[in-house]
Amino acid sequence: MLHLLRGPRPSASRLRRHFLSTVAAGGTPPPPRSGAVYGFGDNSHGAVGQPAPAADVYVPTPVPSLPPSVAAVAAGHYHSLAVSAAGEVWAWGRNEEGQLGRGLHTPRNTWSNPEQVRGLENVQVRSVSASGVVSAAIGCDGSLWVWGRSKRGQLGLGKDIVEAAVPSRVEALASYDVVKVSFGWGHAMALTKDGGLFGWGYSETGRLGEMCQSTQTPSPQEYIGKSGDKYSSSMLEAVEKMVAEKIRSEDNMPIIWEPSLVHETTPSQGV
């Protein structure tokens with residue numbers, strides 16, 4: 001989790017809430033600096049920006065090695081992003097899926113070090129967003145850029161494209177001015193300046209505005225019948241079938257590979 005202090009000094013009530021939470025944890029926070037980034041929480045993958053062996057950070061702690069003035073931040077599941085006042089993007093934390101934009105083979109002991117994301121030198125970035133496995137940046141020109149790896153189509157780069165080692169533009173939205181992007185579990189949504197809402201990625205249970213057929217796996221009892229002995233060989237066979245079914249469902253996930261416009265459903269169209 002990240003906390004950003006920038007621009008006008010935050011109100012006393014806002015700072016007090018943070019100070020009270022740190023005092024309750026037994027720490028004394030440093031005086032906040034405008035434009036500085038403070039991180040706290042789970043640092044097991046370096047997302048708080050502190051070197052190992054700091055696994056957890058209980059008080060807001062300055063993230064080192066960032067530009068002196070940061071305009072925006074985003075906290076993913078295990079990695080973090082920051083946008084400098086100059087529109088540069090910096091990343092640190094987990095890089096198992098390439099979400100830091102450094103390639104897939106960077107040493108783990110360097111993950112906690114904030115580094116500038118390469119490949120965006122010609123883009124002035126105004127905001128960033130992060131999921132567990134993908135990072136995104138929105139340019140001042142409304143362009144959307146993504147990088148990382150997602151088998152559920154969270155990149156939005158086209159059919160069966162599951163990896164982007166460097167920032168890649170989402171061409172399906174090239175003619176739109178994107179103002180915001182948000183990631184859910186396996187899917188993504190983007191809002192355009194003209195009010196359009198686009199979704200892509202894993203589309204099960206209607207999360208992208210379309211009701212998809214459920215791929216819920218039956219329970220062992222449904223495989224062998226309610227009278228089956230839960231410790232019998234039949235139960236073990238049922239578990240094996242469940243695993244096989246899960247593998248098949250992973251291979252047949254309902255995925256929308258490119259941003260698609262989400263249509264509003266009127267009351268008469270509802271089920």
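Please read all numbers here as calculations on a predicted model, not as lab measurements. In what follows, every heavy atom counts, from backbone to side chain, and hydrogens, waters and symmetry copies are set aside.
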Heavy-atom closest contact (A130 atom, A74 atom, distance): N-CB, 4.3 Å
Taking the side chain as C-beta and beyond, is there a heavy-atom pair between W145 and L120 under 4.5 Å? yes
Test side chain to side chain donor-acceptor pair (under 3.5 Å) applied to S131 - qualifying residues, sequence neighbours left out: Q154
Closest heavy-atom pair and its distance - A137, V125: CB-CG1, 3.9 Å
L173: partners by side chain to side chain contact (heavy atoms under 4.5 Å, CB included), with sequence neighbours left out: L144, V170, Y176, V178, A190, F198, W200, P259
If a pair satisfies salt bridge (Lys or Arg N to Asp or Glu O under 4.0 Å) and one of its residues is in residues 80-91, list it, with sequence neighbours excluded. none
Can you sort out the partners of E96 under salt bridge (Lys or Arg N to Asp or Glu O under 4.0 Å), two or more places apart, ordered by chain and number? none
Residues forming a salt bridge (Lys or Arg N to Asp or Glu O under 4.0 Å) with R126, sequence neighbours excluded: D177
Does F183 have any ring pair (Phe, Tyr, Trp, His ring centres under 6.0 Å) partners at least two apart in sequence or in another chain, and if so, which? none
Distance-minimising heavy-atom pair for G196 and L261: CA-CD1, 4.3 Å
Not counting sequence neighbours, which residues clear salt bridge (Lys or Arg N to Asp or Glu O under 4.0 Å) with E163? List them please. R149
Side-chain heavy atoms under 4.5 angstrom apart, residues restricted to Ile, Leu, Val, Met, Phe, Trp, Tyr: same cluster for I255 and V162? yes
Identify, with sequence neighbours excluded, every residue that meets salt bridge (Lys or Arg N to Asp or Glu O under 4.0 Å) alongside E258. none
Atom pair CE/CD of M253 and E204 - distance to nearest 0.5 Å: 10.0 Å
About how many Å separate CH2 of W92 and CG of N113, when rounded to the nearest 0.5 Å? 11.5 Å
For the pair W90 (side chain) and L66 (backbone), establish whether a donor and an acceptor sit closer than 3.5 Å, ignoring hydrogens and angles. no
Shortest non-hydrogen contact between S150 and V134, atoms and distance: CB-CG2, 3.9 Å
Look only at the side chain of S203 and the backbone of P254, and say whether a donor-acceptor pair between them is shorter than 3.5 Å. yes
G49 versus V63, closest heavy-atom pair with distance: CA-CG1, 4.3 Å
Rounded to the nearest 0.5 Å, what's the gap from CD on E97 to OH on Y78? Could you check? 10.5 Å
Name the one of L155, L100, V166, V117 that satisfies side-chain contact (heavy atoms from CB on, under 4.5 Å) with W147? V117
Does any pair with a residue in residues 51-79 pass salt bridge (Lys or Arg N to Asp or Glu O under 4.0 Å), and if so which ones, sequence neighbours excluded? none
Using the test side chain to side chain contact (heavy atoms under 4.5 Å, CB included), find all partners of R118 that sit at least two apart in sequence or belong to another chain. Q116, E121
Which heavy-atom pair separates W257 from K151 by the least distance, and what is that distance? CH2-O, 4.0 Å
Under 4.5 Å between any side-chain heavy atoms of H45 and R108, yes or no? yes
Which pairs pass side chain to side chain donor-acceptor pair (under 3.5 Å) with one or both residues in residues 183-194, sequence neighbours excluded? T192-D194
A side-chain contact here means heavy atoms from C-beta on lying under 4.5 Å apart; do P64 and Q50 qualify? yes
Could you measure the distance from the OG atom of S260 to the CG atom of L208? Nearest 0.5 Å is fine. 8.0 Å
With T106 via side chain to side chain contact (heavy atoms under 4.5 Å, CB included) - residues at least two apart: N95, R102, T110, W111
Side-chain touch V181/I138, heavy atoms, less than 4.5 angstrom: yes
Rounded to the nearest 0.5 Å, what's the gap from CG on L157 to OG on S168? Could you check? 5.5 Å
Mind checking the CZ-CD1 spacing from R152 to I256? Nearest 0.5 Å is all I need. 15.0 Å
Working for side-chain contact (heavy atoms from CB on, under 4.5 Å), residues S143 and V123: CA-CA 9 Å; S143 59; V123 182; 4.3 Å; yes
